[in-house]
Amino acid sequence: MENNARIYVAGHRGLVGSAILRALEKKGYRNLIYRSSSELDLRERDQVQSFFEEQEIDYVFLAAAKVGGIAANNDFPADFIRDNLLIQTNVIDSAYRTGVKNLMFLGSTCIYPKFAPQPLKEEYLLTGDLEPTNKPYAIAKIAGINMCQSYNRQYGTKFISVMPTNMYGPNDNFDLKTSHVLPALIRKFHEAKEANAQSVEVWGTGQPKREFLHSDDLAEACLFLMEHYEDSEIINVGVGEDIAIRDLAELIKSIVGYQGEISFNSSIPDGTPRKLVDVSKINALGWQARISLEEGLKSAYVAFQKEYLINK
Ligand code: GFB
């Protein structure tokens, strides 16, 4: 990407988009374009098409999406499939119609079958049944991947699809009903410490395993792939290691400094048992994650104290 390229980051206020924007600013890109959802509703086709026509965009990072943890996905299936299909269809199609050079579509590891072998290789896509709690979100993301591939095949565009594992970092969502596990546990343990509560409830059995990637690592990977990857096939981004939710809870408990008990509520679903990504493809290109989980968790706890508690 040339230094004066016009780069649009869709979803710049979210966890992923804000990290991509920070990484682009750090690298000295000057023509960065972004809009809040009140300025530009990406679900509205005409608004999106006019925006692309006016802006003469060269590159797009498509990080705008309706996202949430296991409960939000399970409770609002219609919103997850509708909003994601609309956002990605409008952005991908407008990018093609206005001659955008490259577009990166951000997916998720929930596109892989629930019981796929581990670690998840890119070729496992569409080889089995999906996890029911996030099937509508996963199907929208799979449609986005196929849309990029189909546009590349029919129209000769250069649209790539990147599949990050579970993420965390600055600008995370700490709402206990809609957030992912990592920010939820930071908040729960912090509030329990403040209130001297006897125990903290962790959803599910504690047995599922998840892999956690810091959003600054993902942003570096996205910039790297925009320069070094041109294939229509998807590519995973992860750290190559996972952790049981029970052990994650213990780690967060010790970082926060909470002294009480941990209880497990197995009436809440566990979701996918495991989704560790195979990172050999991106590693072979020369990229590797740098931020360890422990280091990342410490900085996430500091960010929580700054971002969340100050705005409370
Ligand atoms: O992060 P999470 O909501 O999403 O949950 P998924 C991960 C695991 O942590 C599940 C457990 O087994 C949860 O039951 N968990 C324990 C908790 N305590 C909590 C808690 O307090 N809050 C939450 N949220 N979970 C999402 C998908 O799946 O991951 C999305 O629904 C997306 O589509 C995203 O792919 C990355 O990893 O299960």
Side-chain angles (χ1 to χ4, degrees), residues 14-16 63 65-77 79-81 83-85 106-116 118 120 125 130-145 162-169 172-192 197 199-215 218 234 236-239 242-253 256 258 262-277 293 297 300 304:
L15 176 69
V16 175
K66 179 162 184 67
V67 297
I70 193 164
N73 271 269
N74 211 18
D75 294 347
F76 307 107
D79 296 355
F80 274 78
I81 191 160
D83 288 0
N84 286 305
L85 283 174
L106 271 301
S108 160
T109 51
C110 64
I111 56 143
Y112 290 113
K114 174 169 185 163
F115 297 113
Q118 306 286 316
L120 298 161
L125 175 63
L130 297 164
E131 152 62 29
T133 54
N134 54 33
K135 194 171 180 177
Y137 177 76
I139 286 180
K141 289 292 182 187
I142 293 170
I145 294 167
V162 173
M163 299 305 119
T165 193
N166 288 32
M167 278 165 316
Y168 69 103
D172 216 334
N173 169 16
F174 291 101
D175 178 316
L176 293 180
K177 288 202 190 85
T178 57
S179 66
H180 290 100
V181 62
L182 193 150
L185 293 186
I186 290 180
R187 176 171 169 188
K188 285 183 183 177
F189 282 112
H190 177 83
E191 290 182 345
S199 77
V200 163
E201 183 188 275
V202 173
W203 296 352
T205 61
Q207 283 164 8
K209 290 181 122 185
R210 292 290 183 271
E211 177 183 10
F212 297 98
L213 176 70
H214 194 281
S215 57
L218 173 67
I234 59 174
N236 290 334
V237 187
V239 290
D242 59 2
I243 180 170
I245 297 301
R246 175 185 297 276
D247 297 329
L248 175 77
E250 290 292 347
L251 192 58
I252 296 178
K253 176 183 160 179
V256 170
Y258 171 67
I262 296 176
S263 68
F264 292 93
N265 182 348
S266 54
S267 69
I268 301 180
D270 272 343
T272 311
R274 205 176 168 201
K275 42 181 172 177
L276 173 68
V277 294
L293 181 59
L297 279 176
F304 165 77

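Note: hydrogens, waters and symmetry copies are ignored here, and every other heavy atom, side chains too, is used. Note that ligands are numbered from 1 as they come in the structure, with each ligand's atoms numbered from 1 the same way.
Contact annotation for N73 and ligand 1: only side-chain heavy atoms (C-beta onward) come within less than 4.0 Å of the ligand. In K275, the part holding a heavy atom less than 4.0 Å from any atom of ligand 1 is the side chain. The residue E201 has no part lying near ligand 1, judged by heavy-atom distances below 4.0 Å. In W203, the parts holding a heavy atom less than 4.0 Å from any atom of ligand 1 are both the side chain and the backbone. Of all the heavy atoms of V181, the ones lying under 4.0 Å from any atom of ligand 1 are found in both the backbone and the side chain. Counting heavy atoms closer than 4.0 Å to ligand 1, residue A138 contributes nothing at all.
Put simply, part of D270 is less than 4.0 Å from ligand 1, judged by heavy atoms. Taking a 4.0 Å cut-off on heavy atoms, V202 registers as neighbouring ligand 1. Within the 4.0 Å heavy-atom cutoff, G206 does not count among the residues contacting ligand 1. Not a single heavy atom of A72 sits less than 4.0 Å from an atom of ligand 1. Note on ligand 1: E131 sits outside its first shell, no heavy atom being nearer than 4.0 Å.
Between G271 and ligand 1, no N or O atom pair is found at a separation short of 3.5 Å.
Atom 27 (C) of ligand 1 has as its closest protein heavy atom N134 ND2, 3.2 Å. Of all protein heavy atoms, the one lying nearest to atom 35 (O) of ligand 1 is S108 OG, 2.9 Å.
Each of D242, V239, L251 was scored for a side-chain contact (heavy atoms from CB on, under 4.5 Å) with L293, with one residue passing: L251.
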